[in-house]
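In the text below, chain A, chain B and the rest are named by the order of the sequence lines, each starting its count at 1.
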There are 2 protein chains.
Amino acid sequence: MLTIGKIGAQAGVKVPTIRYYEQIGLLPEAGRSAGNQRLYGRKALERLAFIRHARDLGFTLEAIRDLLSLSDNPEQPCVAADAIARAQLAEVERRLARLTALKAELERMVVQCAGGKIADCRVIEVLGDHSLCSTDHRHPESESSP
Amino acid sequence: MLTIGKIGAQAGVKVPTIRYYEQIGLLPEAGRSAGNQRLYGRKALERLAFIRHARDLGFTLEAIRDLLSLSDNPEQPCVAADAIARAQLAEVERRLARLTALKAELERMVVQCAGGKIADCRVIEVLGDHSLCSTDHRHPESESSP
DNA sequence: CTTGAAGCTATAGTTGCTAGAGACATTAGC
DNA sequence: GCTAATGTCTCTAGCAACTATAGCTTCAAG
Ligand SMILES: [Zn+2]
Ligand SMILES: [Zn+2]
Ligand SMILES: [Zn+2]
Ligand SMILES: [Zn+2]
């Protein structure tokens, strides 16, 4: 049996994050020691590692919740799991396309600026006027998460 | 003079977002009509469009705050503005690299799964074991070991 | 047996908004 | 002029997915 700090270190997840996962029902309530401290076994560690890995791959906690409940029923067909993975792939491809456009725009900005006064700064100028951009990088969506 | 809904439509920013920007000091407090409604002029519209464009390019509000205060001093050198843009470019490139690895991993997962039971699902299997991955796609910030 | 690290609960903060409630202002049609 | 529809006002709360703090209790090493 491992303490919360130990599985945290093993799975690469911070202690408060593990408690958070338990709080939102992603991890089952852990058993407790005589002194009320959480104790985990091998199954809990595997589950936590699964969550961590899926988070690393950009899945939302909601998607992970579904994946976990699927993986708890090994006899079911895996179509649903594959669909979640394909949706995540599509999402990653969307972000990739957007970031590629952003990169081009930012490169143009920094390359075109000759340095000098703010009044002549190409960065400031372009930021103030999208028509100076070379691509249509609009269409706002999550650009921040992973 | 434009109402909040009008500049919102012109700049492509939702009304509550404009009020939020004012609240956090990104936009100056707007003048008011006799009936206490916000009124905006051309300068405010330009400032809002600047913010919107910078957001579209992925800048944080904190970076935008700095860019705005720089652009308010046109005689200053633009080194600081260029540095912010280059930092943003670096950030975009970092995300791009990570998303590219993620895309490869997700593609591998969905391609390798033959369909069938969850017990044999490659998606579930790989999510449970990072050593089955072909790249090191892990999130850098989350990993800080002593 | 003491001390310091690790654990506990509970609350609040982060970022960049978005949604809702309930009251007031403005405008269009009649 | 009047009414109805829309627009705007303030305020609060909520989203994801944690992270940080405060003030305790418990555990393990020396
Ligand atoms: Zn410049
Ligand atoms: Zn642009
Ligand atoms: Zn499968
Ligand atoms: Zn992996």
Side-chain angles (χ1 to χ4, degrees), chain A residues 1-27 29-40 44 48 51-68 88 91 95 140-146, chain B residues 1-27 29-40 44 48 50-68 88 91 95 139-146:
Chain A
M1 287 304 219
L2 298 161
T3 64
I4 196 170
K6 298 281 168 50
I7 49 159
Q10 297 243 350
V13 179
K14 288 174 189 158
V15 168
T17 306
I18 299 172
R19 290 197 279 249
Y20 169 70
Y21 287 161
E22 178 182 312
Q23 194 195 317
I24 64 170
L26 212 57
L27 289 174
E29 288 196 14
R32 298 298 181 112
S33 74
N36 197 36
Q37 302 196 348
R38 289 174 181 81
L39 290 178
Y40 299 88
L48 183 57
I51 296 171
R52 168 73 209 274
H53 196 205
R55 285 296 296 132
D56 282 344
L57 287 163
F59 289 89
T60 66
L61 292 185
E62 213 30 58
I64 294 171
R65 194 188 297 275
D66 294 345
L67 288 166
L68 281 170
Q88 176 62 15
E91 172 68 19
R95 287 188 195 159
E141 215 202 311
S142 78
E143 97 294 313
S144 52
S145 17
Chain B
M1 287 303 220
L2 298 161
T3 64
I4 194 169
K6 298 280 169 52
I7 48 158
Q10 297 243 352
V13 179
K14 287 176 187 155
V15 168
T17 305
I18 300 172
R19 290 197 279 248
Y20 169 70
Y21 287 161
E22 179 183 311
Q23 194 195 320
I24 64 170
L26 213 55
L27 289 174
E29 287 196 15
R32 299 297 181 113
S33 73
N36 198 36
Q37 301 196 347
R38 289 173 181 82
L39 289 178
Y40 298 89
L48 183 56
F50 185 101
I51 296 172
R52 169 72 209 276
H53 196 205
R55 285 296 297 135
D56 281 344
L57 287 164
F59 289 88
T60 66
L61 293 184
E62 214 29 58
I64 294 170
R65 191 189 299 275
D66 294 345
L67 288 166
L68 281 170
Q88 176 62 14
E91 172 67 17
R95 285 185 198 158
H139 211 267
E141 280 94 300
S142 308
E143 196 128 35
S144 48
S145 291

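Applying the 4.0 Å criterion to OP1 and OP2 of D:dC9, one finds that B:R38 has a side-chain N or O inside that range. Proximity of B:R32 to the phosphate of D:dT10: a side-chain N or O atom is located under 4.0 Å from OP1 or OP2.
Put simply, CD on A:E62 is 11 Å from C1' on D:dA16, counting in whole angstrom units. When rounded to the nearest whole Å, the span between CE of A:M1 and P of C:dG7 equals 15 Å. Taking atom CD1 of A:I51 as the reference point, atom C1' of D:dC18 lies 14 Å away to the nearest angstrom. When the C1' atom of D:dA17 is taken as reference, atom CZ of A:F59 falls 17 Å away, rounded to whole Å. Going from atom NZ of B:K6 over to atom C1' of C:dT26 covers 10 Å, rounded to whole Å. Here D:dC18 presents its P atom at 13 Å from CD of A:Q23, a figure rounded to the nearest Å. One interatomic measurement links the two molecules: CG of A:L57 to P of D:dA17, which rounds to 14 Å at whole-angstrom precision. The distance from atom CG of B:L2 to atom P of D:dG7 is 15 Å, rounded to the nearest whole Å.
A donor-acceptor distance shorter than 3.5 angstrom exists from the side chain of B:Q88 to the backbone of B:L57, with no hydrogens or angles considered.
A distance of 8.0 Å separates CD in B:E62 from CD1 in B:I24, rounded to the nearest 0.5 Å.
Heavy-atom distances under 4.0 Å link DNA chain C to B:K14, B:T17, B:Y20 of residues 7-20 of chain B, given in residue order.
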Subject >> B:Q10/B:L48 under side chain to side chain contact (heavy atoms under 4.5 Å, CB included): CA gap, chis, key distance, verdict >> reply: CA-CA 10 Å; B:Q10 297 243 352; B:L48 183 56; over 6 Å; no
Subject >> Test log, rule side chain to side chain contact (heavy atoms under 4.5 Å, CB included), inputs B:L27 and B:I51 >> reply: CA-CA 9 Å; B:L27 289 174; B:I51 296 172; 3.9 Å; yes
Original post:
Do A:I64 and A:Y21 pass the side chain to side chain contact (heavy atoms under 4.5 Å, CB included) test, and can you show the C-alpha distance, the side-chain angles, and the key distance before you say yes or no?
Top reply: CA-CA 11 Å; A:I64 294 171; A:Y21 287 161; over 6 Å; no
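Scanning both residues, B:L68 and B:L26, for their nearest heavy atoms gives CD1-O, 3.9 Å. The two atoms that bring B:T60 and B:R55 nearest to each other are CA-NH1, 4.1 Å, heavy atoms only. In terms of heavy atoms, A:R32 sits closest to A:N36 at NH1-O, 2.8 Å.
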Give every pair of a protein N or O atom and an N or O atom of nucleotides 23-30 of chain D that lie under 3.5 Å apart, one pair per line with the distance.
unit_1: D:dC27; atom_1: OP1; unit_2: A:G35; atom_2: N; d: 3.2

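Each of D:dA17, C:dC8, D:dT10 was ranked by its minimum atom distance to the side chain of A:L61; first place goes to D:dA17.
Among the atoms of the strands shown, only primed sugar atoms or phosphate atoms (P, OP1, OP2) are found under 4.0 Å from some heavy atom of A:Y21.
Residues meeting the side chain to side chain contact (heavy atoms under 4.5 Å, CB included) test with B:A30, sequence neighbours left out: B:E22, B:R38, B:Y40.
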